[in-house]
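Beneath this line is the structure, given in structure tokens, with notes to follow.
By convention in this document, chain letters (A, B, ...) are assigned in the order of the sequence lines, proteins followed by strands, and residues within each chain are numbered from 1.
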Amino acid sequence: MIRGRLTQSEIDTQGLIVEVAESGNGATSVFIGTVRSRNDGRDVQSIEYSSYEPMAEKEILMILREASERYGVNNIAAEHRLGEIQIGEASVVIVAAHPHRGPALDALRYVIEQLKKRVPIWKLEHYSDGDRSWVSAAENHA
Amino acid sequence: MIRGRLTQSEIDTQGLIVEVAESGNGATSVFIGTVRSRNDGRDVQSIEYSSYEPMAEKEILMILREASERYGVNNIAAEHRLGEIQIGEASVVIVAAHPHRGPALDALRYVIEQLKKRVPIWKLEHYSDGDRSWVSAAENHA
Amino acid sequence: MTVTVRFFASYAEVLGCQSFVLGLANGATVQDVVSHVAALPGAAGVPPAPLIAVNHSYANLSHLLADGDEVAIIPPVAGG
Amino acid sequence: MTVTVRFFASYAEVLGCQSFVLGLANGATVQDVVSHVAALPGAAGVPPAPLIAVNHSYANLSHLLADGDEVAIIPPVAGG
């Protein structure tokens with residue numbers, strides 16, 4: 001089960017965990033990226049995520065397939081939310097399951113690192129003072 | 001929020017994620033260890049977990065504090081279930097949250113590695129053929 | 001031949017444009033599109049060698065274009 | 001002085017015992033407990049230098065014991 005997708009609604013972490021579940025797996029790793037209240041010293045109100053959607057979906061799937069091959073992880077899924085996301089809400093959830101913990105953890109890290117480097121998604125931060133700005137890659141270290 | 005505990009009942013992963021949540025965090029990592037259907041080529045029916053409880057709780061807490069100091073992760077929790085656990089059910093759940101992904105992922109790995117090395121918990125595997133055996137550390141690579 | 005050029009996020013904002021159709025001579029490369037974009041009003045907000053995708057895959061400046069290609073000028077990504 | 005000796009999991013099974021109170025001379029160490037255990041029926045299932053905890057913390061064979069200590073003989077752990 002390899003599944004990647006973009007969504008406009010809240011991400012169901014528990015649902016993704018259930019989706020990758022398989023009785024032969026002993027380890028499931030999960031990464032949840034959430035919108036945080038401060039970034040580079042400014043009070044963030046919300047973040048608007050936009051994307052080049054067909055390419056982003058293709059790229060996410062490519063990353064999942066790479067992780068699957070590299071670490072032998074057959075149960076892996078990633079979901080990225082688009083649109084306006086509030087503080088504390090999840091923008092991205094990645095789940096990887098494997099019989100053993102090493103590959104499950106390695107695959108998880110690979111996917112989040114690659115996703116942040118390659119997937120055409122952008123953040124427009126809205127600040128409490130009414131200002132807004134595009135987050136550039138160098139600042140994107142959540 | 002640093003919290004470690006043993007439990008006799010089902011572990012509430014979503015509840016732990018909510019417990020470590022804080023608006024300043026941008027990354028939450030989760031590890032779920034589950035009982036798998038096969039181990040060392042044998043069909044497993046269930047695993048009975050037992051523990052030297054006061055020491056196990058103390059050791060889990062010590063590991064969480066070490067992870068917290070090492071990686072600057074202030075929101076970290078681990079729960080280990082004891083008693084008979086069925087295939088696919090979680091025996092252990094670890095959750096770490098931090099403003100950034102690196103420390104959240106590093107702390108997660110530290111805790112599961114140390115937990116498997118140091119915490120006095122034992123597994124008695126029950127097999128489909130009616131046999132049973134204690135799992136020794138060398139085989140414990142889930 | 002013609003290609004569709006697409007802009008996103010900060011680039012779409014500074015150029016005031018999300019998409020346009022560009023006529024090119026046969027044998028044109030991604031570099032020709034980038035040079036055209038560099039002459040647009042607001043192009044100061046786009047770096048001289050931006051990330052490019054052709055038909056949803058990352059491509060080099062020397063990539064040869066074909067009629068109907070979709071050329072996307074990709075701002076620094078910030079997903080996650 | 002006396003200490004309480006505790007066994008768990010496979011060790012409790014092979015020794016047929018979970019706990020007993022052992023009288024020791026002052027100045028006794030963890031090694032003295034281990035030597036006593038090695039002479040018990042079923043002790044073939046316990047390694048000559050097992051993991052030991054004194055009062056819920058891992059301890060060496062040379063660890064000096066005090067009256068009332070709890071000495072646990074810890075089988076290879078297998079949590080997770």
How long is the gap from CZ on D:F8 to CH2 on B:W134, to the nearest 0.5 Å? 11.0 Å
Using a cut-off of under 4.5 Å for heavy-atom pairs, which of B:P120, B:S50, B:G33 has the most such pairs with chain D? B:P120
With a sphere of 6.0 Å drawn around CD of B:Q14, does it hold more than 12 non-hydrogen atoms of other residues, nucleotides or ligands? yes
Taking all atoms of both residues into account, what is the closest heavy-atom pair of D:A78 and B:Y49, and its distance? O-CE2, 4.5 Å
Closest non-hydrogen atom pair between B:V119 and D:V77, with its separation: O-CB, 3.2 Å
Nearest 0.5 Å, what's the CZ-OH distance between B:R118 and D:Y58? 8.0 Å
Checking B:E48 against chain D: side chain, backbone, both or neither under 4.5 Å from a heavy atom? neither
How close do D:H56 and B:K58 get, heavy atom to heavy atom, and via which atoms? O-NZ, 3.5 Å
Euclidean distance, B:M55 CE relative to D:R6 CZ, rounded to 0.5 Å: 11.5 Å
Closest non-hydrogen atoms of B:S91 and D:G80, given as atom of the first, atom of the second and distance, are OG-O, 3.1 Å
Quick check against the 3.5 Å criterion: does B:Y52 have a side-chain atom that pairs as donor or acceptor with the backbone of D:F7? no
